[in-house]
Amino acid sequence: VQLQASGGGLVQAGGSLRLSCAASGRSFSNYNMGWFRRAPGKEREFVATISWNEATKFYLDSAKGRFTVSRDNAKKTVYLQMNSLKPEDTAVYYCAARRFSVSKSVNDYDYWGQGTQVTVSS
């Protein structure tokens, strides 16, 4: 599966953005999806994950209550709605896919999108 992330941009603190990750290829509905981010000078970190049927979702603690992950299998797209953005959310955001189960680990994902930049100004 190939992944294309989009929707990043520059936003003021307290604002919102919705990231999208469009997949190509077959069997998107069989994949569990994750969102990760890499801030300048830091390691890539987990942000959110969603199972193939939306039954299971997990979030980074600092994202709970602000970010919402969802998917539309008919459109082969996963979304990350980000509200109440903070300057510390500034990072390149990546979507990723894996089979079998959700995971918070970068190393568990098989397919990655190219990343989209999110910059939150104070």
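Residue indices begin at 1 and follow the sequence shown. Atoms considered below: every heavy atom in the structure, side chains included; atoms not considered: hydrogens, waters and symmetry mates.
Side-chain N/O atoms of Asn83 and Ser16 include a donor and acceptor closer than 3.5 Å. Side-chain atoms of Thr90 and Glu88 form no donor-acceptor pair, as typed in the model, at a separation below 3.5 Å.
Considering CG of Leu3 and SG of Cys95, their distance stands at 4.5 Å, rounded to 0.5 Å. Rounding to the nearest 0.5 Å gives a distance of 9.0 Å between OG of Ser51 and CZ of Phe58.
Among residue pairs with one or both ends in residues 95-104, those qualifying as side chain to side chain donor-acceptor pair (under 3.5 Å) are Arg98-Ser101, Ser103-Asp108; sequence neighbours excluded.
Side-chain contact check for Lys57 versus Val102: every heavy-atom pair is 4.5 Å or farther apart. Side-chain atoms of Thr116 and Val92, non-hydrogen and from C-beta on, never get closer than 4.5 Å to each other. Contact annotation: the side chain of Leu80 approaches that of Trp35 to within less than 4.5 Å [non-hydrogen atoms, C-beta and beyond]. Within the 4.5 Å cutoff, the side chain of Thr68 has heavy atoms near those of the Tyr59 side chain. Residues Val120 and Gln12 are not in side-chain contact: their nearest non-hydrogen atoms beyond the backbone lie 4.5 Å or more apart. Phe67 places a side-chain heavy atom less than 4.5 Å from the side chain of Val47. Residues Phe28 and Thr77 form no side-chain contact, since every pair of their non-hydrogen atoms from C-beta on lies 4.5 Å or further apart. The side-chain heavy atoms of Met82 and Arg66, taken from C-beta on, include no pair separated by under 4.5 Å.
Using a cutoff of 4.0 Å between basic side-chain nitrogens and carboxylate oxygens, Glu43 and Arg38 are not scored as salt-bridged. The residues Lys86 and Asp89 are annotated as not salt-bridged, no charged nitrogen and carboxylate oxygen being separated by less than 4.0 angstrom.
Under the 6.0 Å distance and 45° angle rule, Arg44 counts as a cation-pi partner of Trp112. Geometrically, Arg18 engages Tyr79 in a cation-pi contact, judged by NZ or CZ lying under 6.0 Å from the ring centre and within 45° of the ring axis.
No continuous path of ILVMFWY side-chain contacts below 4.5 Å connects Tyr93 to Phe36, so the two sit in separate hydrophobic clusters. No single ILVMFWY cluster, assembled from side-chain heavy atoms under 4.5 Å apart, contains both Tyr109 and Val69. Linking Ile, Leu, Val, Met, Phe, Trp and Tyr residues whenever their side-chain heavy atoms come within less than 4.5 Å places Leu19 and Val1 in a single cluster. Note on Leu85 and Phe46: separate hydrophobic clusters, where clusters join Ile, Leu, Val, Met, Phe, Trp and Tyr whose side-chain heavy atoms are under 4.5 Å apart, directly or indirectly.
Not a single donor-acceptor pair under 3.5 Å links the side chain of Asn73 to the backbone N or O of Ser29. Looking at Ser20, its side chain never comes within 3.5 Å of a backbone N or O of Ser6 through a donor-acceptor pair.
Using the six-membered ring where Trp is involved, Tyr111 and Tyr31 have ring planes that are perpendicular, over 60° apart on the 30 and 60° scheme.
Heavy-atom minimum distance, Gly15 versus Val11: CA-CG2, 3.8 Å. When all heavy atoms of Arg71 and Asn32 are compared, the pair lying nearest together is NH1-CA, 4.1 Å. For the pair Ala13 and Ser122, the tightest heavy-atom approach, listed with the atom from each and the gap, is CB-CA, 4.4 Å. Of all non-hydrogen atoms in Ala91 and Arg37, the two that sit nearest each other are CB-CB, 3.7 Å.
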Next item on the list: May I have the step-by-step check of side chain to side chain contact (heavy atoms under 4.5 Å, CB included) for Val118 and Leu17, ending in yes or no?
Entry: CA-CA 9 Å; Val118 171; Leu17 284 173; 3.9 Å; yes
